[in-house]
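Reviewing the structure listed below.
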Amino acid sequence: EAGRTVETTEGSIAILAFGDNQTITNNGGTIRVSNSSKDNAIKVQGDTFILDNNINGTIQAPSYTVNVSGDSATITNSGTIFGTTLRAIYLNSTGHTITNESDGTIKAGESGWDATGGSDRLAVELGANATNLILENYGTINAGSNTVKTLSTGMTLTNYSGGTISAQAAQDETILKAIFISGNDNIIKNYGTISGAGDTDSINISSGVEGTKIYVDGAPTFTGEVEL
């Protein structure tokens, strides 16, 4: 509830959701890992998990802030999901839906923004097994680099009008991207803003990747190259 805190100060995993059909609702409270060498504010080991992080809710860890290994999770964010170093949301299983509402922020890294790409990256990362993600953004998703990265297939990412996906660190575009596609048959629809800083690509498609589709409508903005 609002003003309440669930915190681990020494180890990893503030909350472990073990088993199928688990639900976590955060109504303005804080769920965090405060030890800078630990991770996993919420670790999910089961299918059909539901997370509702509502307005003023904060979920925070140095990395792997929300770490899902079961299938078919639904994550809805109107608050803040924050990986203070990297990986705010990490998925490596199939069939998930992430909705970042207009009040929502999903971010990885601090305001200094590591321009080497070593940290401050991966607000949303999909491992090779994270097929068929639906990611709908009405709010803000940002990191220093590689803000959204997929190694998998079948993602549909829709950035709606008013939504922003951005990379904040300015450096060589071969290192830093706002959206990095390294798997086949993914779809990006942009009605909002996708931006990279300096020479950073807005979208980078890895060499040899096939089947990527990019759709635009309305008055979208791209800052930085779309590297195909």
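Just so you know, residue 1 is the first one in the sequence shown, and it goes up from there. Computed over heavy atoms, backbone and side chain alike; hydrogens, waters and symmetry mates excluded.
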Can you list every salt bridge (Lys or Arg N to Asp or Glu O under 4.0 Å) pair that touches [range], not counting sequence neighbours?
range	value
residues 132-141	none
residues 124-134	Arg87-Glu125
residues 12-39	Glu7-Arg32

query: With Ser37, which residues qualify under side chain to side chain donor-acceptor pair (under 3.5 Å), at least two apart?
result: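 Applying side chain to side chain donor-acceptor pair (under 3.5 Å) to Ser37 gives Asn35.
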
Selection residues 35-73 - residue pairs positive for ring pair (Phe, Tyr, Trp, His ring centres under 6.0 Å), sequence neighbours left out: Tyr64-Tyr90

task: Could you list all the ring pair (Phe, Tyr, Trp, His ring centres under 6.0 Å) pairs where at least one residue sits in residues 70-89, not counting sequence neighbours?
output: none

field: Under 3.5 Å: donor-acceptor pair, side chain of Thr221, backbone of Thr193
entry: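 No; zero donor-acceptor contacts below 3.5 Å.
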
To which residues is [X] joined in a hydrophobic cluster, defined by side-chain heavy-atom contacts under 4.5 Å among Ile, Leu, Val, Met, Phe, Trp and Tyr, whether direct or through other members?
X	answer
Leu122	none
Ile13	Leu16, Phe18
Phe180	none
Tyr160	Tyr138, Tyr191

task: Kindly state each residue pair satisfying side chain to side chain donor-acceptor pair (under 3.5 Å) with at least one member in residues 209-218, sequence neighbours excluded.
output: none

query: Quick one: does Thr164's side chain get under 4.5 Å of Asn142's, heavy atoms only?
result: no

message: Would you say that Ile98 contacts Ile106 through its side chain, given a criterion of any heavy-atom pair below 4.5 Å between the two side chains?
response: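 A side-chain contact exists here, since the closest heavy-atom pair is under 4.5 Å.
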
statement: For Asn54, the side-chain contact (heavy atoms from CB on, under 4.5 Å) test, sequence neighbours excluded, returns Thr25, Asn27, Asp52

